Every structure is written in structure tokens, then in C-alpha cells.
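Below you'll find the structure, written out as C-alpha cells, and then a few comments.
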Amino acid sequence: MKNKDALLEFKQYLIVEKNASEKTVKNYIRDIHAFLNYVETNHQIDQIEDINKEHIRFYLKTLSHLSSSTVSRKMVSLRSFYKCLLKEEIIEYNPMESFDLPKAQKKLPTVLSKQEIEMLLNNVKMTDFISARNRAMLELLYATGIRVAELVSLTIYQLNLKMKYLNVIGKGDKERLIPLTDYVCKIMEKYIYDYRNPKLDFKEVDLLFFNNHFKKISGEDFYAILQKEVNKTSINKKVSPHTFRHTFATHLFENGADLRSIQELLGHSDISTTTIYTHVSNEKMIEDYNKFHLRSHKNNEKENDKNEL
């Protein structure tokens with residue numbers, strides 16, 4: 001089978017059999033297209049059956065400059081690709097079985113301090129539809145820890161201000177109820193009744209948040225909105241939509257929340273994913289110790305040494 005036909009077969013497999021999201025399909029196809037382009041350009045192979053594990057090994061060597069997480073993602077794409085080809089009996093053996101994923105680099109997530117998150121949120125004044133929408137999105141993101149994909153897909157019917165909860169549809173269409181504080185409910189009320197509804201002018205739009213054309217806000221658009229607001233502050237950290245999720249969970253843990261509760265709120269299927277926030281808090285604890293403990297300051301140590309002598 002021609003490489004391009006195998007790629008089309010894989011795309012159908014992702015959409016029909018795996019029911020993968022549009023983003024997942026796009027990422028997987030991009031990865032496999034890059035791989036097939038490599039073997040065609042460097043090894044002059046255009047038949048999928050002629051690609052062997054040595055060709056794959058050479059391809060993986062070209063990725064050595066990338067991070068382990070990026071290499072892992074590309075390898076996962078290849079595994080899924082060859083699993084599909086084997087299932088459809090297009091190939092007789094799976095050459096990806098010979099390769100292990102690289103060890104993940106342990107990197108703690110970026111978290112905003114309480115002062116930084118307050119600075120960012122309070123800096124967005126609600127003066128018109130756009131500013132009110134942006135403030136409401138950021139407040140809700142920090143108040144609930146939901147993923148950006150969950151945020152931009154919210155409908156007005158998922159928000160219950162009277163009962164003070166948000167009904168979120170997460171990965172695998174799993175539902176979870178997240179409680180809302182009085183404060184964030186007031187922000188949402190102001191956004192909805194003073195800005196969202198007047199903006200609609202009787203138009204029927206179910207989305208809680210939308211752009212000026214009443215369409216869904218993309219993840220890329222939200223990232224641009226966030227960067228614009230961050231740039232107006234003195235925050236010098238790299239802030240992404242996921243930073244809000246990490247900040248939400250870390251602040252809860254630091255204030256005594258149980259890991260199981262945080263797991264449920266975040267929608268993690270495995271609590272081992274949630275335990276990273278204990279490490280984040282431990283790092284903060286060490287940082288605070290070194291910053292505030294009397295004996296950690298060199299000047300104080302020198303002064304104390306003089307007094308003792």
C-alpha cells in the first residue's frame with residue numbers, strides 16, 4: 001500500500017473507530033506525515049510495507065534535539081499508526097514493538113502566587129463586552145481549574161448560579177460538578193446580565209463565552225487573550241491556560257484540601273497525576289524556608305558569628 005493511502009486509512013481509523021477529537025486527529029496525522037515524508041525523502045520508500053525498524057530508528061535519531069515529551073508524543077503517534085495497520089492487516093508485524101518511550105523529564109509546572117493571580121485578575125476591568133468576558137473567563141478558570149477546552153465549550157446551561165455549581169463535560173464525556181464561590185458567581189452574573197445578554201440582542205447562542213461573531217473561541221484565541229492580559233502586569237513567568245489549572249490545584253493543596261478532592265475537581269482518572277501538586281508545594285516550602293529562616297541569610301549568619309566570638 002502507498003504511504004499516502006496508509007495515512008488516509010489511519011485518519012479514518014482515528015475518526016471512526018477511536019472517535020478521536022479533531023485536535024488529536026490533526027496532531028497524529030501531522031506526526032505521521034512528517035515520518036512518511038522522511039522515509040520517502042531519505043530512503044526513497046513509498047510503500048508502507050517496505051518501512052522497517054531500521055528506518056524508524058534513523059528517523060528517531062533525527063528527533064534527538066527535541067524534548068523527551070515531544071519525542072514521546074511522536075512515538076505514541078507512530079505506535080497508534082502501526083497498531084492500526086496491523087489491525088487492518090496492511091502489515092504483517094509491528095516494527096514499533098522494538099522501541100521504548102524515552103523517560104519523561106520531571107518538570108514541575110509553573111504556578112502563580114496568590115499575589116500574582118490577584119494582580120492578573122483584578123487588572124482586567126469589566127467595562128465592555130470583551131473586557132467583561134475576559135475577566136469572567138479568567139475568574140472561572142482559576143475558580144474551577146477546568147481545562148481550556150472545557151472552558152471555551154461551556155454552554156449557558158452548564159452554569160447554575162442559583163445552586164452555585166458548574167457542570168463540566170471532561171475527557172471521555174465524563175461529567176463532574178464543581179462548586180462555585182459567591183465571589184465568582186457575582187462576577188458571572190455581572191458578565192451575563194450586564195454584558196453577554198445585551199450583546200446577544202435576542203440572538204440564540206448557547207455558548208457561555210463567544211467572540212464578536214457569536215462563534216466559539218478557539219484555544220489559540222484564548223491563549224492570545226491571556227497573553228495580552230499577562231503582558232499588562234509585572235508577572236515575568238511564562239503563563240499558559242494550564243498554569244491556571246496548576247495554580248488552582250496548588251492553592252487548594254496549600255490551604256489543606258485533600259488530594260482526593262482535588263483529583264475529583266480536576267477530573268483526573270488516576271490520583272498519581274494529582275500528586276505532582278504535593279511536589280510543587282514542597283518546592284515552595286523549601287523556597288520559603290531559605291527565604292525567611294534567620295540562619296539562611298548570609299548577612300545574619302555573619303553577624304551572629306561575630307556576636308558569638
Side-chain angles (χ1 to χ4, degrees), residues 1-107 109 147-150 152-153 169-174 211 215-224 227 238 240-242 269-270 272-273:
M1 178 182 281
K2 291 282 188 182
N3 291 340
K4 62 179 182 180
D5 295 326
L7 187 61
L8 288 174
E9 190 76 32
F10 181 50
K11 187 174 183 179
Q12 284 295 109
Y13 167 79
L14 291 172
I15 296 171
V16 178
E17 292 197 34
K18 303 301 289 183
N19 194 28
S21 68
E22 183 180 344
K23 183 179 179 181
T24 298
V25 172
K26 181 181 177 181
N27 289 339
Y28 273 41
I29 294 302
R30 182 188 61 211
D31 288 343
I32 302 306
H33 183 270
F35 166 67
L36 295 177
N37 183 61
Y38 166 82
V39 294
E40 288 176 9
T41 303
N42 295 276
H43 300 283
Q44 289 72 53
I45 297 174
D46 65 354
Q47 294 288 130
I48 200 68
E49 300 92 337
D50 294 335
I51 301 175
N52 59 41
K53 63 182 180 181
E54 286 305 308
H55 298 129
I56 297 174
R57 194 184 309 279
F58 284 129
Y59 169 68
L60 294 178
K61 283 184 178 180
T62 68
L63 309 179
S64 60
H65 65 289
L66 301 175
S67 67
S68 62
S69 59
T70 301
V71 175
S72 292
R73 195 204 71 228
K74 289 180 179 291
M75 289 183 69
V76 168
S77 296
L78 281 168
R79 282 184 173 184
S80 185
F81 177 57
Y82 275 103
K83 183 179 179 181
C84 162
L85 298 181
L86 193 66
K87 185 175 183 296
E88 298 300 324
E89 299 182 350
I90 296 170
I91 56 174
E92 294 181 358
Y93 83 103
N94 185 352
M96 279 302 296
E97 290 181 351
S98 304
F99 300 94
D100 295 323
L101 296 179
K103 291 184 178 180
Q105 297 171 338
K106 293 184 178 180
K107 186 178 178 182
R147 303 174 179 91
V148 67
E150 296 167 344
V152 297
S153 299
I169 312 298
K171 290 183 177 181
D173 290 333
K174 292 181 180 178
N211 60 26
K215 302 296 183 182
K216 179 180 174 180
I217 299 168
S218 68
E220 291 79 8
D221 287 340
F222 180 80
Y223 183 83
Q227 290 308 304
K238 186 176 180 181
S240 71
H242 224 61
S269 56
D270 189 341
S272 63
T273 309

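These numbers come from the heavy atoms of this one structure, side chains and all, not from hydrogens, waters or symmetry mates. When a residue number appears, it is its place in the shown sequence, counting from 1. The shown structure was predicted, so the numbers you read here are calculated from the model rather than taken from an experiment.
In this structure a side-chain-to-backbone donor-acceptor pair under 3.5 Å is present from Arg79 to Phe99. A donor-acceptor contact shorter than 3.5 Å is absent between the side chain of Ser80 and the backbone of Val76. A donor-acceptor pair under 3.5 Å links the side-chain atoms of Ser153 to the main chain of Ala149, judged by distance alone. In this structure a side-chain-to-backbone donor-acceptor pair under 3.5 Å is missing from Glu89 to Leu86. Gln227 contributes no side-chain N or O that, together with a main-chain N or O of Ala224, makes up a donor-acceptor pair within less than 3.5 Å. Remark: the backbone N or O of Leu60 is not paired with any side-chain donor or acceptor of Ser64 at under 3.5 angstrom.
In this structure, the side chains of Glu40 and Ile45 stay at 4.5 Å or more apart for every pair of heavy atoms. A heavy-atom distance below 4.5 Å is found between the side chains of Asp31 and Arg73. For the pair Leu7/Phe35, no side-chain contact is recorded, criterion being any heavy-atom separation below 4.5 Å from C-beta on. The shortest distance between side-chain heavy atoms of Lys11 and Val25 falls below 4.5 Å. The closest side-chain heavy-atom distance from Tyr28 to Leu14 is below 4.5 Å. A 4.5 Å side-chain heavy-atom check between Glu17 and Lys87 finds at least one atom pair inside the cut-off. Tyr82 places a side-chain heavy atom less than 4.5 Å from the side chain of Ile51. Between Ile29 and Ile32 there is no side-chain heavy-atom pair separated by less than 4.5 Å.
Atom CG of Leu8 sits about 9.0 Å away from atom CE of Met1, to the nearest 0.5 Å. Rounded to the nearest 0.5 Å, atoms NZ (Lys83) and CG (Leu78) are 14.5 Å apart. Taking CD of Glu88 as the start and OH of Tyr13 as the end, the distance is 8.5 Å to the nearest 0.5 Å. For the atom pair CD (Gln12) and CD1 (Ile15), the distance works out to 5.5 Å, reported to the nearest 0.5 Å. Atom CZ of Phe10 sits about 14.0 Å away from atom NE2 of His33, to the nearest 0.5 Å. Here the straight-line distance linking atom NZ of Lys18 with atom OG1 of Thr24 works out to 11.0 Å at 0.5 Å rounding.
In plain terms, the two heavy atoms of Glu150 and Ile169 that are nearest each other are CG-O, 3.8 Å. Across every non-hydrogen atom of Met75 and Met96, the tightest pair is O-CE, 3.8 Å. The minimum heavy-atom distance linking Ile90 with Glu49 is given by the pair O-CG, 3.7 Å.
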(Q) Applying side-chain hydrogen bond (donor to acceptor under 3.5 Å, both in side chains) to Asp221 and Ser218, what does each step give before you reach the verdict? (A) CA-CA 5 Å; Asp221 287 340; Ser218 68; 3.1 Å; yes
Q: Take Asn3 and Gln47 through the side-chain hydrogen bond (donor to acceptor under 3.5 Å, both in side chains) test and state the conclusion after the steps.
A: CA-CA 5 Å; Asn3 291 340; Gln47 294 288 130; over 6 Å; no
(Q) Using side chain to side chain contact (heavy atoms under 4.5 Å, CB included), reason through Lys2 and Ile48 one step at a time and then give a plain yes or no. (A) CA-CA 6 Å; Lys2 291 282 188 182; Ile48 200 68; over 6 Å; no
Q.
Quick one, Tyr38 with His43, criterion ring-ring contact (aromatic ring centres under 6.0 Å, His included). Give me CA distance, side-chain angles, the key distance, then yes/no.
A. CA-CA 8 Å; Tyr38 166 82; His43 300 283; 5.4 Å; yes
Q: Show your reasoning for whether side-chain hydrogen bond (donor to acceptor under 3.5 Å, both in side chains) applies to Ser69 and Ser72.
A: CA-CA 5 Å; Ser69 59; Ser72 292; over 6 Å; no
Q: Test Lys74 against Leu66 for side chain to side chain contact (heavy atoms under 4.5 Å, CB included), laying out the working first.
A: CA-CA 11 Å; Lys74 289 180 179 291; Leu66 301 175; 3.9 Å; yes
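A salt bridge is absent between Glu97 and Lys53; no separation between the charged side-chain nitrogens and carboxylate oxygens falls under 4.0 Å.
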